[in-house]
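See below for the structure under consideration.
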Amino acid sequence: MFETLGEIDIEELDYDLLEQIKPKSQTHFSGFELYYPKLSKSPEIQKIYSLINKVAVSNASVLIQGETGSGKELIAGAIQALSLRADKPYVTVNCAAIPEHLLESELFGHDRGAFTGAVTTHIGKFEQADGGTLFLDEIGDMHPTTQAKILRVLQEQSFTRIGGQKVIRVDVRIIAATNKDLWQEIESGRFRPDLYYRLNVVTVQIPPLRERREDVPLLADYFKKKFAAELKKNIGNFTAEAMELLANHSWPGNIRELRNLIERAVLVTNSGEDITPKDLALTGKDYFAAGGRDRRREERGPSLPSLRLEELERMAVNIALERSKWIQKDAAELLGISPRALNYKVSQLGIAYAGWRKNVV
Ligand SMILES: Nc1ncnc2c1ncn2[C@@H]1O[C@H](COP(=O)(O)OP(=O)(O)O)[C@@H](O)[C@H]1O
Ligand SMILES: [Mg+2]
């Protein structure tokens, strides 16, 4: 689908044409939003683009990491639209927005009478997404108990509704996104490493906008044209000073922030006039403050895998169990310890598996 456009000269973009291009799936993206990676000047974004083209056609789980507003949802939608499941359901769940006690019912559904108030059967997101893709947004905010249940579905490709008996088999591709540093979450015990390994078959790390400043003028221009067209206004260019402000801002809210800022600027600018610094709600001081923030971040270094022995042990035990289909005797052999020692570790670490009768979470 991307190919139909051929090589694009970024300077000569025909935004109208891009807006008209409709993706083949029912997702709500405009042409530009689907094509934007190719329109970016950032080498990192180009790499992401070729990665999502490759992974889209597989069924591999994808984990998208990036700050808020950096385009995670957009990338998830693009992967779906490019995938072999493009015409199949695309179901999204925002794990941070749904209260924990409702999330499980939301994901797995419940049978009538499963709990007080369950007056009808509810089909969960996993069932709705059967054959297609389930997008788990803000997965870093998911409660560990729910994480354990998701992990089990991923391992077994089946589950039961809350209060239900019937085992329901599903074929669902998972795309997950988070703005959290999942390694940090794992270190502090809030995220399960075994689920992390399951989800993280392919990682897409979206750089923050301040690390790809070359795209700021491109995106600003795009949003200006988009909102001017929507408001039927004829807006001029950004003045040099206005563009400098945009170029120097640190964009903590990333593309979402830029989009909102330009929408507002187009609103307050009179038809026929250029966009000047006073039309932008920016002070110009922020870049230096952000530079300080960036430097501090670099000093800490990139986040590294946890070296806490307990976490490494948990990971090793989980991987061994998975490889040996949860047969403890075989897993013990892989780990080079006695089955008794493994059994002790399993209960010490609180590892549970539905197939073992005791120990069920
Ligand atoms: N490359 C892009 N081109 C155009 N719009 C974009 C781009 N990336 C993000 N956006 C827009 O920015 C906003 C935030 O994107 P979103 O995918 O919701 O970010 P996140 O999920 O990471 O918070 C949305 O309005 C989205 O359409
Ligand atoms: Mg989002």
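All residue numbers refer to positions in the sequence shown, counting from 1. One-based numbering, in listed order, for ligands and for the atoms of each.
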Ring pair (Phe, Tyr, Trp, His ring centres under 6.0 Å) partners for His122, two or more places apart: His110

Aromatic plane relationship, Trp251 with His249 - under 30° parallel, 30 to 60° tilted, over 60° perpendicular: perpendicular

Pair Lys226 + Glu230, salt bridge at N-O below 4.0 Å: yes

Close-contact set for ligand 1 against Glu67 heavy atoms, below 4.0 Å: 22 (O)

Exceeds 12 heavy-atom contacts within 6.0 angstrom, atom CD of Glu244: no

Tyr344 atom OH: more than 12 heavy-atom contacts under 6.0 Å: no

Any Leu219 heavy atom less than 4.0 Å from ligand 1: yes

For the Mg ion (ligand 2), every protein N/O/S atom that sits closer than 2.8 Å, waters excluded: Glu73 OE2

Closest to atom 10 (N) of ligand 1 among Ile255, Asp215, Asp137 (heavy-atom distance): Ile255

Shortest reach to atom 26 (C) of ligand 1 by a heavy atom, considering only Leu218, Leu74, Ile45, Ile64: Leu74

Presence of salt bridge, Glu322 and Arg198, under 4.0 angstrom: yes

Sub-4.0 Å heavy-atom approach of Gly69 to ligand 1: yes

